[in-house]
Colleague: 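Here's a structure for you.
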Amino acid sequence: MFKFYSKEEISDLLNVDGEEFHREIKKIIKADFKAELKRINVTNPDILLDDKYKMRLADPRDHNNFYDTDLEIHEYLE
C-alpha cells in the first residue's frame with residue numbers, strides 16, 4: 001500500500017534538506033519519468049511510497065492517476 005509523504009517527511013527519510021530534495025532530487029525524478037508523467041497528464045507529481053520505499057508518482061489532485069516506478073526513493077542518493 002502506498003502512502004503520501006510530504007516534502008519534509010521525504011527529506012527526513014533521505015537525510016537531506018527540504019529545499020535540496022524539492023529543487024534537486026525531485027527535479028531529477030521528474031526528468032527520469034517525463035514520458036510516463038506525460039501519459040498520466042501530470043507535471044508535478046506527489047511522491048507516494050510503499051513499505052519498501054518504492055515510489056509511485058501520482059496526480060496531486062486525487063492520486064487516481066499514477067505511475068509505479070519500481071524504484072526505491074533511496075536510489076536517488078547514489
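Since the model is a prediction, treat every value here as computed from it, not as a measurement.
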Colleague: A side-chain contact here means heavy atoms from C-beta on lying under 4.5 Å apart; do Val42 and Leu57 qualify?
Modeller: no

Colleague: Work out which heavy atom in Pro45 is nearest to a heavy atom in Pro60; give both atom names and the distance.
Modeller: CA-CD, 4.3 Å

Colleague: Mind checking whether Lys7 and Glu19 have side chains closer than 4.5 Å, heavy atoms only?
Modeller: yes

Colleague: For a salt bridge (charged side-chain N to carboxylate O under 4.0 Å, His left out) with Arg56, tell me which candidate from Asp68, Asp50, Asp70 qualifies.
Modeller: Asp68

Colleague: Which heavy atom of Ser11 sits nearest a heavy atom of Gly18, and at what distance?
Modeller: OG-CA, 3.0 Å

Colleague: Do the side-chain N and O atoms of Tyr76 and Asp32 include a donor-acceptor pair separated by under 3.5 angstrom?
Modeller: yes

Colleague: Just how far is it from atom CG of Leu77 to atom NE2 of His74, taken to the nearest 0.5 Å?
Modeller: 6.5 Å

Colleague: Can the positive tip of Lys30 be found less than 6.0 Å from the middle of the six-membered ring of Phe33, inside 45° of the ring normal?
Modeller: no

Colleague: So, for Glu9 and Phe4, which heavy atoms are closest and what is the spacing to 0.1 Å?
Modeller: OE1-O, 4.1 Å

Colleague: Any chance CG of Asn41 has more than 12 other-residue heavy atoms, nucleotides or ligands included, within less than 6.0 Å?
Modeller: no

Colleague: Would Phe21 end up clustered with Tyr53 when hydrophobic side chains under 4.5 Å apart are linked, directly or stepwise?
Modeller: yes

Colleague: One pair to check against side chain to side chain contact (heavy atoms under 4.5 Å, CB included): Ile25 and Val16. What are the steps and the verdict?
Modeller: CA-CA 10 Å; Ile25 298 171; Val16 297; 4.2 Å; yes

Colleague: Kindly indicate whether the side chain of Leu49, heavy atoms from C-beta on, has any atom under 4.5 Å from the side chain of Leu13.
Modeller: yes

Colleague: Starting from the C-alpha separation in whole Å, work towards a yes-or-no answer on side chain to side chain contact (heavy atoms under 4.5 Å, CB included) for His63 and Leu48.
Modeller: CA-CA 9 Å; His63 296 167; Leu48 287 68; 4.0 Å; yes

Colleague: Can you see which heavy atom on Ile47 is nearest to which on Lys26, and at what distance?
Modeller: CD1-CG, 4.3 Å

Colleague: Check Ile29 against Ile73 and note the closest heavy-atom contact, atom names and distance.
Modeller: CD1-CD1, 3.9 Å

Colleague: Would you say the side chain of Glu75 lies within less than 4.5 Å of the side chain of Glu72, judging by non-hydrogen atoms?
Modeller: yes

Colleague: Tell me if the OH atom of Tyr5 is crowded by more than 12 foreign heavy atoms within 6.0 Å.
Modeller: yes

Colleague: Is the number of heavy atoms from other residues, nucleotides or ligands under 6.0 Å of Asn15 CG greater than 12?
Modeller: no

